[in-house]
Amino acid sequence: MIVYNPKDWLTSTLKLHKTDTFRKLFPYLILASLYSWGIAYLELEYLKLAEKSWIKNITIVHSLLGFVLSLLLVFRTNTAYDRWWEARKQWGSLTNISRSLSYKMNAFLESDDKVNRSFYRKAIPLYAETLYTFLRSDYTKFMLDEVSHPELENLDDQNMVPIR
């Protein structure tokens with residue numbers, strides 16, 4: 001996984017010609033374009049294949065391919081939306097459980113126990129905030145990155161994960 005800023009798409013688009021993949025594929029793209037232009041010119045100008053009936057329907061393959069690609073994009077979009085919705089449900093569940101825990105701690109603790117009440121008043125929302133910052137941190141972002149990050153290996157895992 002390569003990490004990039006999705007909000008900065010203009011810079012990525014303008015720097016496309018500098019990427020390794022584009023540099024490697026550009027000669028092949030030019031070669032494939034010239035080859036397909038040559039075949040099309042040969043078929044249309046010399047062999048006159050466009051006038052034959054069975055060749056006229058060959059564009060149906062391209063329409064069918066476009067339809068299949070659009071279905072693929074729809075399924076990918078739906079999968080991304082399902083992931084977002086599941087994360088939203090999990091975050092809502094965390095909010096409801098935190099709220100329920102605070103109600104129960106309010107009923108369980110003595111009314112004059114100021115120390116424990118103050119602790120739980122700060123600790124319950126702090127867990128959600130810690131989880132939020134952990135999920136948004138560079139540590140979790142770079143865990144799936146293809147490039148190794150030696151600076152992350154020195155971090156103490158016991159203090160990084162909100163579950164522990």
Side-chain angles (χ1 to χ4, degrees), residues 1-33 36 59-164:
M1 181 177 105
I2 298 173
V3 179
Y4 70 99
N5 185 3
K7 295 179 182 174
D8 192 19
W9 59 269
L10 183 61
T11 306
S12 299
T13 306
L14 293 177
K15 292 182 180 179
L16 181 67
H17 67 281
K18 295 180 181 177
T19 60
D20 293 335
T21 306
F22 185 77
R23 287 182 185 175
K24 289 179 183 176
L25 291 180
F26 188 69
Y28 296 111
L29 288 172
I30 296 295
L31 184 64
S33 299
S36 62
T59 59
I60 294 174
V61 174
H62 296 290
S63 300
L64 185 62
L65 183 63
F67 176 71
V68 169
L69 285 175
S70 67
L71 282 180
L72 178 69
L73 288 174
V74 166
F75 288 139
R76 286 183 58 106
T77 304
N78 286 343
T79 304
Y81 180 75
D82 287 342
R83 288 180 180 176
W84 175 82
W85 188 257
E86 183 66 28
R88 186 179 179 276
K89 288 192 313 187
Q90 292 292 329
W91 193 259
S93 175
L94 175 70
T95 304
N96 291 336
I97 289 171
S98 299
R99 196 174 294 146
S100 175
L101 178 63
S102 64
Y103 289 149
K104 290 178 183 178
M105 292 308 292
N106 187 32
F108 179 72
L109 293 173
E110 304 276 337
S111 59
D112 58 346
D113 191 3
K114 303 283 186 196
V115 175
N116 284 331
R117 285 182 177 272
S118 175
F119 171 75
Y120 286 113
R121 187 178 297 122
K122 293 176 184 174
I124 292 173
L126 184 63
Y127 176 76
E129 184 180 337
T130 306
L131 181 64
Y132 176 79
T133 55
F134 175 73
L135 292 174
R136 294 282 179 135
S137 70
D138 289 339
Y139 183 78
T140 53
K141 186 192 314 183
F142 292 127
M143 280 172 37
L144 298 175
D145 198 4
E146 294 172 351
V147 181
S148 63
H149 295 281
E151 67 273 8
L152 295 178
E153 294 173 3
N154 297 332
L155 294 176
D156 184 15
D157 288 341
Q158 297 294 329
N159 294 330
M160 292 300 294
V161 182
I163 296 172
R164 293 182 183 161

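Quantities reported herein were computed from a predicted structural model and do not represent experimental measurements.
Judged by distance alone, the side chain of Ser70 and the main-chain N or O of Phe67 form a donor-acceptor pair under 3.5 Å. For the pair Ser100 (side chain) and Asn96 (backbone), a donor-acceptor distance under 3.5 Å is absent. Side-chain N or O atoms of Ser118 include none that pairs as donor or acceptor with a backbone N or O of Val115 at under 3.5 Å.
Rounding to the nearest 0.5 angstrom, the gap separating the CG atom in Leu16 from the OG1 atom in Thr21 is 9.0 Å. Once rounded to the nearest 0.5 Å, the distance linking CG of Leu10 with NZ of Lys15 reads 10.5 Å. In this structure, the separation between OG1 on Thr13 and NE2 on His17 is 12.0 Å, given to the nearest 0.5 Å. Between the CG atom of Leu109 and the NZ atom of Lys114 there is a distance of 11.5 Å, given to the nearest 0.5 Å. Going from atom CZ of Arg76 over to atom CG of Leu71 covers 14.0 Å, rounded to the nearest 0.5 Å. Separating the OG atom in Ser36 from the CG atom in Leu31 is a distance of 9.5 Å, to the nearest 0.5 Å.
Surrounding CZ of Phe26 are at most 12 heavy atoms belonging to other residues, nucleotides or ligands under 6.0 Å away.
A salt bridge (charged side-chain N to carboxylate O under 4.0 Å, His left out) check over residues 89-100, counting only residues at least two apart or in different chains, returns the pairs Glu86-Lys89. Within the structure, ring pair (Phe, Tyr, Trp, His ring centres under 6.0 Å) contacts touching residues 69-88 (residues at least two apart or in different chains) are Tyr81-Trp84.
Nearest heavy atoms, Tyr127 versus Leu94: CE2-CD1, 3.8 Å. Contact record, Glu110 with Arg117: O-NE, 3.0 Å, taken as the closest heavy-atom pair. Closest non-hydrogen pair, Leu131 versus Trp91, comes out as CD2-CZ3, 4.0 Å.
Applying the side-chain hydrogen bond (donor to acceptor under 3.5 Å, both in side chains) rule to Thr11 yields the partners Asp8; only residues at least two apart in sequence or on another chain are considered.
A 4.5 Å side-chain heavy-atom check between Leu101 and Tyr120 finds every atom pair outside the cut-off.
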